[in-house]
Amino acid sequence: MPTVQLTVNGRPVSMTVEDRTLLVELLRDHLGLTGTHVGCDTSQCGACVVHLDGQAVKSCTVLAAQASGSSVTTIEGLATGDELHPVQAAFRDNHGLQCGFCTPGMIMSALDIIRRHGGRLDEATVRHELEGNICRCTGYHNIVKSVLDAAGRMKLSAAAE
Amino acid sequence: MYETTYHRPNSIDEAVALFAKASEPRYLAGGHTLIPTMKQRLAAPTDVIDIARIPGLSGIEVSGEAVTIKAATTHYDVARSDAVRKAIPALCMLAGDIGDPQVRYRGTIGGSIANNDPSADYPAAVLALGATITTNKRGIAADDYFKGLFTTALEDGEIITAVVFPVPAKAGYAKFPNPASRFALTGVFVAKLKSGAVRVAATGASQSGVMRLPDIERALAASWSEATLDKMRISADGLIADVHGPAAYRANLIGVMARRAIAAAG
Ligand SMILES: Cc1cc2nc3c(=O)[nH]c(=O)nc-3n(C[C@H](O)[C@H](O)[C@H](O)COP(=O)(O)OP(=O)(O)OC[C@H]3O[C@@H](n4cnc5c(N)ncnc54)[C@H](O)[C@@H]3O)c2cc1C
Ligand code: FES
Ligand code: FES
């Protein structure tokens, strides 16, 4: 069994797991980080999205061993204490969730989209880039609104720094 | 998923040696085909040999004559490469339309070409541009490489190291994606090479995987325009008929996608 060494939300983790362990299983079952969800388990829905070395990936389709040596950020790693991350705050303010099952993956994907496109984000781009995230509740309208709002907030806070 | 043993070799030689020693090994690159297949227990390799981080196995080199994409280069890195966009824009567009952003961060060109899914995008570009598949042993011409559904000329344990695409005079790709999976319901890649030769390939359409379209090639060689194809009838023989659409529908899509690809190529 391999010893997987990675940084999760800034904290070093070293753990011996079965070779076939998925990254999402390591996060949820071994580290108790249950904010990352498993919706489809077939690489389609995006509920399991985390950042692996800064890139949004479906953690149900990555072996824990493949991630060894990398840095992982999950939904639990976004807020600063009680202060929500701007993308989380935008989802709350814009009613960007109903049951909330897809939300952790949506937020991790949204942050990746905002980082990649910066100020050039428009509605069509957001809808296209959310192709890998499925929501059964909202009809996407408020999710798209949340992402655009979050992009604006992040631009403002970057400008203030 | 059945039990397996994970390896992460540091060189191609080490990977090949691990492969030779194991009883039912598979190479692992982005894992976005192999891991889902293992989870469904359709594949049960005793050993998975992770080649994604081998130094020198990813990266892009562009010269006036060729675009060389190393095997472990992700779809994301191809889609965003300015050098590729200048040389063969259709390739960036194709890579940027594979699956979704998360799939593009992980999936690799080598994995796609090794897997040779009949609905995958890259095989159409490789065949239409007449690319060369470079392995740890040899170079294989695209025309000799694709051998039908999920079958290629690769020998047991052979590793793709790069795909070398000649820079064409013009090229374009258009696909009609399956709205659920994003794979091509039918995709057509058209290319006019610098030699003047016209090559056209379709993916997602044929029961025997990616194929060239000789009738369309001949017509376009005579006159490179969308209008040339307006009256052409495309035979539905041997085309896929499934829950997503009958063979005649795909035959029609070949014509429509070919016209869109020409429009995109300019
Ligand atoms: C949700 C989803 C949507 C997708 N949509 C599309 C789409 O629209 N279009 C499309 O074309 N594809 C699509 N794909 C497939 C995706 O592009 C895959 O990532 C790709 O086909 C395989 O690449 P990989 O690096 O993930 O390979 P892996 O899964 O790691 O490997 C696939 C096979 O290739 C072998 N292999 C890998 N690298 C090499 C090498 N260098 N030499 C020899 N053998 C090798 C492996 O042993 C294995 O048998 C999709 C996948 C998913 C999960
Ligand atoms: S649980 Fe990973 S994509 Fe659905
Ligand atoms: S809010 Fe329920 S699935 Fe998206």
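Naming: A, B, ... by sequence-line order, numbering from 1 per chain. Just so it is clear, the model here is predicted, and its values are computed rather than measured.
Contacts of B:Leu34 with chain A are absent, with no heavy-atom separation under 4.5 Å from either backbone or side chain. At a 4.5 Å heavy-atom cutoff, the contact between B:Ala180 and chain A is made by backbone atoms alone. Contacts between B:Tyr2 and chain A at a heavy-atom distance below 4.5 Å involve the backbone alone (N, CA, C, O). Interface remark: B:Asp47 contributes no atoms to any contact with chain A (heavy atom separation under 4.5 Å). With a 4.5 Å cut-off on non-hydrogen atoms, A:Val49 touches chain B through its side chain but not through its backbone. A:Ile113 does not touch chain B: none of its heavy atoms, backbone or side chain, sits under 4.5 Å away. For B:Arg80, no part sits under 4.5 Å from any heavy atom of chain A, backbone or side chain. Both the backbone and the side chain of A:Gln55 come within contact range of chain B, judged by heavy atoms closer than 4.5 Å. At a 4.5 Å heavy-atom cutoff, the contact between A:Leu52 and chain B is made by side-chain atoms alone.
Between B:Glu226 and B:Arg260, none of the side-chain N atoms (NZ, or NE/NH1/NH2) sits under 4.0 Å from a carboxylate O, so this pair counts as no salt bridge.
When all heavy atoms of B:Gly30 and A:Gln66 are compared, the pair lying nearest together is O-NE2, 4.1 Å.
Panel note: side chain B:Lys175, backbone B:Asp97; a donor-acceptor pair is recorded below 3.5 Å.
Close placement of the B:Tyr122 and B:His75 rings is indicated, their centers lying within 6.0 Å of each other.
Among residues at least two apart or in separate chains, side chain to side chain donor-acceptor pair (under 3.5 Å) pairs with a member in residues 131-147 of chain A are A:Ser109-A:Asn133, A:Glu131-B:Arg182, A:Asn133-B:Gln102.
At a cut-off of 3.5 Å, with distance as the only test, no side-chain donor of B:Thr74 or B:Thr108 sits close to an acceptor on the other residue. Side-chain contact, B:Asp121 with B:Tyr173: a donor N or O sits under 3.5 Å from an acceptor N or O.
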